[in-house]
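All chains are named by letter (A, B, ...) in the order of the sequence lines, taking the proteins before the strands, and each is independently numbered beginning at 1.
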Protein chains: 2
Amino acid sequence: MTRKSEDAGRSTIRDVAARAGVSASTVSRVLGGVYPVSASTRSRVLRAVRDLDYVADARAKAVAGVGTPTLAFVLEDITGPSFAHMAYGVEREARRLGHLCLVCTTEGDVQHEVEFVEMMRAQRAAAVILVGGSADTPEYRERTRRMADSLASAGSRLVLCGRPPLGPGAPVTVIEYDNEGGAYALVAHVLAQGHQRVLFLGGGADHTTAQGRERGYLAAHRARGLDPDPALVLHGDFTRDSGHRLMRGAMKQGLEFTAVVAATDMVAAGALTALHEAGLTVPGDISLAGYDDIPFARDLYPALTTVHVPYEELGRLAVRTALGRTPEHPDEHLLLGTHVVVRNSVAPKA
Amino acid sequence: MTRKSEDAGRSTIRDVAARAGVSASTVSRVLGGVYPVSASTRSRVLRAVRDLDYVADARAKAVAGVGTPTLAFVLEDITGPSFAHMAYGVEREARRLGHLCLVCTTEGDVQHEVEFVEMMRAQRAAAVILVGGSADTPEYRERTRRMADSLASAGSRLVLCGRPPLGPGAPVTVIEYDNEGGAYALVAHVLAQGHQRVLFLGGGADHTTAQGRERGYLAAHRARGLDPDPALVLHGDFTRDSGHRLMRGAMKQGLEFTAVVAATDMVAAGALTALHEAGLTVPGDISLAGYDDIPFARDLYPALTTVHVPYEELGRLAVRTALGRTPEHPDEHLLLGTHVVVRNSVAPKA
DNA sequence: TCCATTTCGGCAACCGGTTGCCATCGTGTT
DNA sequence: AACACGATGGCAACCGGTTGCCGAAATGGA
C-alpha cells in the first residue's frame with residue numbers, strides 16, 4: 001500500500017510535477033510526446049503519473065485547444081430499429097475519426113431539440129446531426145435555419161438526416177434517402193402482381209418522410225394508368241400500434257383491397273398481426289409490404305417484402321460529410337438510393 | 001445587416017464585455033443570474049449577448065467547476081432491441097437529472113472498452129455505465145476492478161448493468177435482472193404444458209447472462225424431477241442468426257423435442273423462421289418461447305411467449321443509483337425481477 | 001450637510017491544462 | 001582554452017470562463 005491520500009481525489013498536473021520534481025510544463029511535454037525530454041526525466045515523470053494514476057483533464061485540454069472533438073446526435077427515439085442503426089453508423093464513424101459522441105433523444109419535443117442544440121453549441125461540438133422526418137412548415141424552416149446559422153457562426157455544423165432541407169443558402173449538410181423512389185418501386189412491384197386495390201398505411205399527413213413514400217405510392221399507380229381510390233390511403237404514425245389500429249379499422253370498415261403497403265416495417269408488423277387476428281393469411285388472402293428493411297423483417301411470417309434503406313451507411317456518411325466538408329463545397333446535399341428486397345409477403349393476386 | 005465580423009467565429013465573454021462597456025465579471029454575473037446587477041447594465045449586457053449570439057463555452061465552465069455533468073454509457077451494440085431500450089432509459093433519466101450523455105459501442109472489443117473508460121475518466125464523467133453480459137473470468141474481474149478503482153479515485157463511479165459483479169469491496173454499483181428466475185418460471189410454464197423434451201438454444205457457454213438463463217432451464221427441470229438430456233442444450237450467441245443456425249442444425253441432426261426455449265427473443269425469431277422453413281407450425285408441431293420481451297415479440301407469428309425484462313427501467317435505475325448513492329450505502333447491488341408473459345407460441349403437448 | 005450603509009462593478013486570482021520564449025548546461029570544434 | 005551550438009526544462013502568458021474581495025458611487029437618515 002504505497003498509496004494514501006493520493007487516490008483521495010483526482011490529481012492535477014502540478015501534483016505530478018511536484019512528485020517528479022519537475023515543472024508542470026515538463027510533465028505536459030512528456031505526456032505530449034513530441035518535445036525532447038531526457039530519458040531520466042521522462043521516466044521519473046511517467047513514474048509519478050503511474051503512482052498517482054493521473055489522467056489529464058479533457059475539459060481543460062479542450063479549453064487550451066487540444067481537446068478531443070465531440071459530435072452530437074439528436075433523434076426522436078433510439079428505440080426504433082432503423083434509427084438505432086443510424087445511431088450505430090454515427091457512433092462508429094465518429095469513433096473512427098476520433099470523436100466523442102453525445103446522444104439526445106427528444107421524444108418529438110421541439111423545445112428539447114432547440115435546447116439541446118444550444119447546449120451543443122456551448123460544448124463546441126464539431127457537428128450536430130438531426131435525424132428523422134418532420135413536418136415541413138415555415139416554423140420548422142425558420143427554427144432550423146436559426147439553429148444552422150448559430151452553429152455555423154460558431155464554427156460548427158448542422159446536419160439534416162432524412163429531414164426536410166431548408167432551401168438554398170442555409171449552412172447545412174443534408175443527407176436524404178429516396179423515399180419516393182423506393183415506394184414507387186415497391187408499389188410497382190405489388191401492382192405488377194395484378195393487385196388493383198392496394199391499401200396504403202401511411203404516417204403523419206405532414207411528415208415529409210411519410211409524404212415521400214405516399215407520393216411514390218401514388219406515382220406508381222399513375223404510371224400504370226391507375227387512379228388510386230383516396231379511401232385507400234390511411235394516415236397514422238410510424239409505430240407498430242398505428243399499423244395495428246389502422247389495419248383493424250380498415251377491415252372493420254369493410255374496405256376492399258387485396259394488398260397492403262405500410263409506410264414502415266413497424267407499421268407492417270402491426271398490420272400483419274391484425275390480419276392474423278382476423279384469421280386472414282398473408283400472402284394467401286392479402287399481400288403485405290413494408291419499408292425500411294429492419295432486421296426483423298425477415299423473421300416475420302411470412303418474411304416481409306420491403307425496401308432496404310442503408311441506415312447505417314447513412315449515419316456514417318452524415319458524420320463523414322459533416323466533418324470532411326471543404327470550403328469549396330460547403331453545403332452538400334446527398335441523396336442515397338434504396339432498393340426493394342423481395343421476400344414472401346407479396347403474391348400474385350388470386 | 002448589423003453583423004459583420006461578429007459571426008465570423010465564436011465570441012468570448014470579453015467580446016461581450018467590450019461591446020457592453022463593462023468588465024467580463026459583470027457579464028458573467030448577469031448571465032449567472034444571482035448576483036445583483038442594475039437594470040440598465042443588465043439590459044446592455046443582454047443586448048450585447050444577443051447581438052453576438054454568445055454562448056458561454058461549456059468546457060471552460062466545467063474547468064471552473066460549474067459545468068454540466070456528464071455520464072457515459074458503454075454497450076456492445078446499440079442495435080439490439082433490448083439494449084436500445086436500456087439506452088433510452090439511461091438517456092431519459094440522465095436528461096431529467098441535467099446530465100449530458102455520452103455513448104460508446106465496443107463491438108465486443110475489450111480494448112475499446114478500457115480505452116473509452118479512460119477517456120471518460122479524463123472527461124470527469126460523473127458515472128460510467130457498462131452494459132451487457134460477459135464472461136466472468138479472473139481477467140475480467142481484474143480489468144473491471146481496475147476500472148472501478150480508477151474511476152472511484154477520480155470521484156466517478158462504475159456501474160455494472162447486467163454484468164457479472166466483482167465481489168465485495170469493489171467500488172461499483174451493480175444492477176442485475178433475474179435471469180435464472182425468469183428462465184425458471186418460463187421453462188416451468190413450458191413443462192407444465194406436458195412437454196418433456198425441450199430444446200434450449202443458449203448463448204455463449206461462458207457468458208453470464210446465458211449461464212443464468214441456462215441454470216433456470218436446468219433448475220425448472222429438476223424441480224419437476226426431470227433430468228434434461230444434455231444433448232438438448234445448444235450454445236451459440238444472442239443473435240437472430242445464431243438461433244436460425246442452431247435450429248436448423250438441431251433438426252438436421254434429428255434431435256427429438258416438442259418445445260424450444262431460446263435464450264433471447266432474437267434467437268427465438270431466428271429459430272421460428274427456421275422452423276417455418278422446415279414446414280413446421282408453431283405451436284402446433286413445436287412450442288417456442290423466448291426471453292427479453294422485445295417489442296417485436298408480439299408481432300411474430302405466433303405471438304411469442306417470453307419473459308419480460310424491464311430494460312428501460314433498468315437504465316433509469318442505473319443512472320439514478322449511480323448518481324444518488326449515499327456515503328452510508330456506497331456500493332449498492334440491485335436485482336430486478338422479471339415475469340413471464342404468456343402469448344401464443346406455447347401450447348400443450350399433443 | 002455629513003456620515004453610514006447599500007448597491008454595483010472591476011481587479012485579480014483561480015480552475016487545469018498548453019506552449020512560446022529564454023536561460024542554462026553540457027558537449028564538440030578549432 | 002575559448003566559443004558556438006543543440007539539448008533541456010522553467011517562467012509566464014494564455015485558453016475562457018467564475019468568484020472573493022474591495023473600492024466607488026448612490027442612497028438614506030440624522
Between CG of L75(A) and CG of L130(A), what distance do you get to the nearest 0.5 Å? 9.5 Å
Whole-Å distance between dG17(C) P and L31(A) CG? 10 Å
Which sits closer to the 5' end of DNA chain C, V55(A) or S38(B), going by the nucleotide each is nearest to? S38(B)
Computed from five pairs at either end and rounded to 10 degrees, the angle between the axes of the helix from dT1(C)-dA30(D) to dT30(C)-dA1(D) is 50°
Backbone N or O of A126(A) within a donor-acceptor pair of the S156(A) side chain at under 3.5 Å? yes
Contact letters for nucleotides 10-16 of chain D, in which S counts primed atoms plus P, OP1 and OP2 and B counts the base, heavy atoms under 4.0 Å: BBB--BB
Euclidean distance, T321(B) OG1 relative to R157(B) CZ, rounded to 0.5 Å: 10.0 Å
Sequence neighbours excluded - side chain to side chain donor-acceptor pair (under 3.5 Å) pairs with any residue from residues 127-138 of chain B: D136(B)-R141(B)
Any heavy-atom pair between the side chains of T68(A) and H99(A) that's under 4.5 Å? no
With rounding to the nearest 0.5 angstrom, report the CD to CZ distance, E93(A) to R320(A). 4.5 Å
For S38(A) and T41(A), run side chain to side chain donor-acceptor pair (under 3.5 Å): C-alpha distance rounded to whole Å, both residues' side-chain angles, the deciding distance at 0.1 Å, then the answer. CA-CA 5 Å; S38(A) 74; T41(A) 305; 2.9 Å; yes
With side chains defined as the heavy atoms from C-beta onward, is the minimum distance between L100(B) and Q123(A) less than 4.5 Å? yes
